[in-house]
Amino acid sequence: MTFGFASPSPTSPITATGGASRHGRLLEPSEWTAAGIPLLRNPREVVSGLHSRHGPVPATAVIAVLGPEERLVASASFVQRSVSADGWEYRNALLSRLRRILPHDLRRRTPVRTAVLLYCRDGDERWTEEDGAWMWGLRDACTLHGLRCGAYITLTRGGWQVLGEGRGGRHPGSESRPERLGGTTGEVTSLTLRTGGGATEALRRTAAR
């Protein structure tokens, strides 16, 4: 499995003002790396757990909040379809789900919980402008909710990878079937939303096994 970044489209230039293109607000890989995003100690375990819990398909975003020792505190999955990649739109979508699954930490001097984003999409593992928009949205949503901005992970047909780190694996991928959860303890708030064709919304509180 190879990792890399797709070259920006010549019709979508990156401006010098905050990494925004004509398609909206986004972060380039170099900007993401320079932001000092904390590394996941066990990304495979985090990815496998979120995949088992939410079973994402292409166009599904999974926002998860991790506590100490990378323990999952809460997570939400939703389908986000957009004509153009716009970090502002993605930020609002992420912030809306964060507000539904846990109180903000804005009163703390420093963040104690970390939000990570798993996005399942078509295509290969290389960076795209859509990824850049999700990165911008995740960073901004974390700031507004009092969280530490964590990893951005893509899930494609070829497997998963933590963008900006070069770490990844072949399983699970966008076509993988969710495996049964097991080996974890504690209660997790999980929110699942689906859009299109009669939107449904379910909020459930489940005990992880």
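For the pairing with Arg121, the side chain to side chain donor-acceptor pair (under 3.5 Å) check across Thr60, Asp131, Thr154 returns one residue only, Asp131. The only option from Val62, Leu163, Leu118 that meets the side-chain contact (heavy atoms from CB on, under 4.5 Å) definition with Ile153 turns out to be Leu118.
Rounded to the nearest 0.5 Å, atoms CZ (Arg91) and CZ (Arg139) are 11.5 Å apart. Here the straight-line distance linking atom CG of Leu117 with atom CE of Met135 works out to 9.5 Å at 0.5 Å rounding. If you take CD on Glu31 and CH2 on Trp136, they are separated by 12.0 Å, rounding to the nearest 0.5 Å. Taking CH2 of Trp134 as the reference point, atom CG of Leu27 lies at 14.0 Å (rounded to 0.5 Å). Between Trp32 atom CH2 and Glu165 atom CD the span is 9.5 Å, to the nearest 0.5 Å. With rounding to the nearest 0.5 angstrom, the OG1 atom of Thr143 is 12.0 Å from the NE2 atom of His145.
When atom types are taken as modelled, the side chain of Ser96 and the backbone of Asn92 share no donor-acceptor pair closer than 3.5 angstrom. Counting only distance, with no hydrogens or angles, the side chain of Arg167 and the backbone of Leu40 share a donor-acceptor pair below 3.5 Å. Remark: the backbone N or O of Val65 is not paired with any side-chain donor or acceptor of Arg113 at under 3.5 angstrom. Checking side-chain atoms of Gln80 against main-chain N and O of Ala93 turns up no donor-acceptor pair under 3.5 Å. Ser174 places no side-chain N or O within donor-acceptor distance of the main-chain N or O of Cys120, the cut-off being under 3.5 Å.
Closest heavy-atom contact between Gly150 and Thr114: CA-CG2, 3.5 Å. The heavy-atom pair separating Thr33 from Gly164 by the smallest distance is OG1-O, 4.0 Å. Pairing each heavy atom of Gln161 with each of Arg126, the nearest pair is NE2-N, 4.3 Å. Of all heavy-atom pairs between Pro178 and Gly55, the closest is CG-CA, 3.5 Å. When every heavy atom of Ser75 is checked against every heavy atom of His54, the shortest pair comes out as OG-NE2, 2.7 Å.
Through side-chain heavy atoms spaced under 4.5 Å, either directly or across other Ile, Leu, Val, Met, Phe, Trp or Tyr residues, Leu106 is tied to no other residue.
In the hydrophobic cluster analysis, where Ile, Leu, Val, Met, Phe, Trp and Tyr join through side-chain heavy atoms closer than 4.5 angstrom, Ile63 is grouped apart from Val112. Leu95 and Tyr152 end up in different hydrophobic clusters when Ile, Leu, Val, Met, Phe, Trp and Tyr side chains are linked at under 4.5 Å.
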Go through the steps to decide whether Ile37 and Cys149 satisfy the test side chain to side chain contact (heavy atoms under 4.5 Å, CB included), and finish with yes or no. CA-CA 7 Å; Ile37 306 301; Cys149 180; 3.9 Å; yes
After noting the C-alpha distance and the side-chain angles of Leu147 and Asp105, does the key distance pass the side chain to side chain contact (heavy atoms under 4.5 Å, CB included) rule? CA-CA 7 Å; Leu147 301 171; Asp105 281 345; 4.0 Å; yes
Would you check, one step at a time, whether the test side chain to side chain contact (heavy atoms under 4.5 Å, CB included) holds for Tyr90 with Leu138? CA-CA 8 Å; Tyr90 294 164; Leu138 175 62; over 6 Å; no
Show, in sequence, the C-alpha distance, side-chain angles and deciding distance for Val162 and Leu39, and conclude whether the side chain to side chain contact (heavy atoms under 4.5 Å, CB included) test is met. CA-CA 9 Å; Val162 185; Leu39 302 179; over 6 Å; no
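At least one side-chain heavy atom of Phe78 sits under 4.5 Å from a side-chain heavy atom of Leu94. No side-chain heavy atom of Thr156 sits less than 4.5 Å from a side-chain heavy atom of Asp122.
In summary, the side chains of Ser176 and His51 do not present any donor paired with an acceptor at a separation below 3.5 Å, with no hydrogens or angles considered.
At most 12 non-hydrogen atoms from other residues, nucleotides or ligands lie less than 6.0 angstrom from CZ of Arg107.
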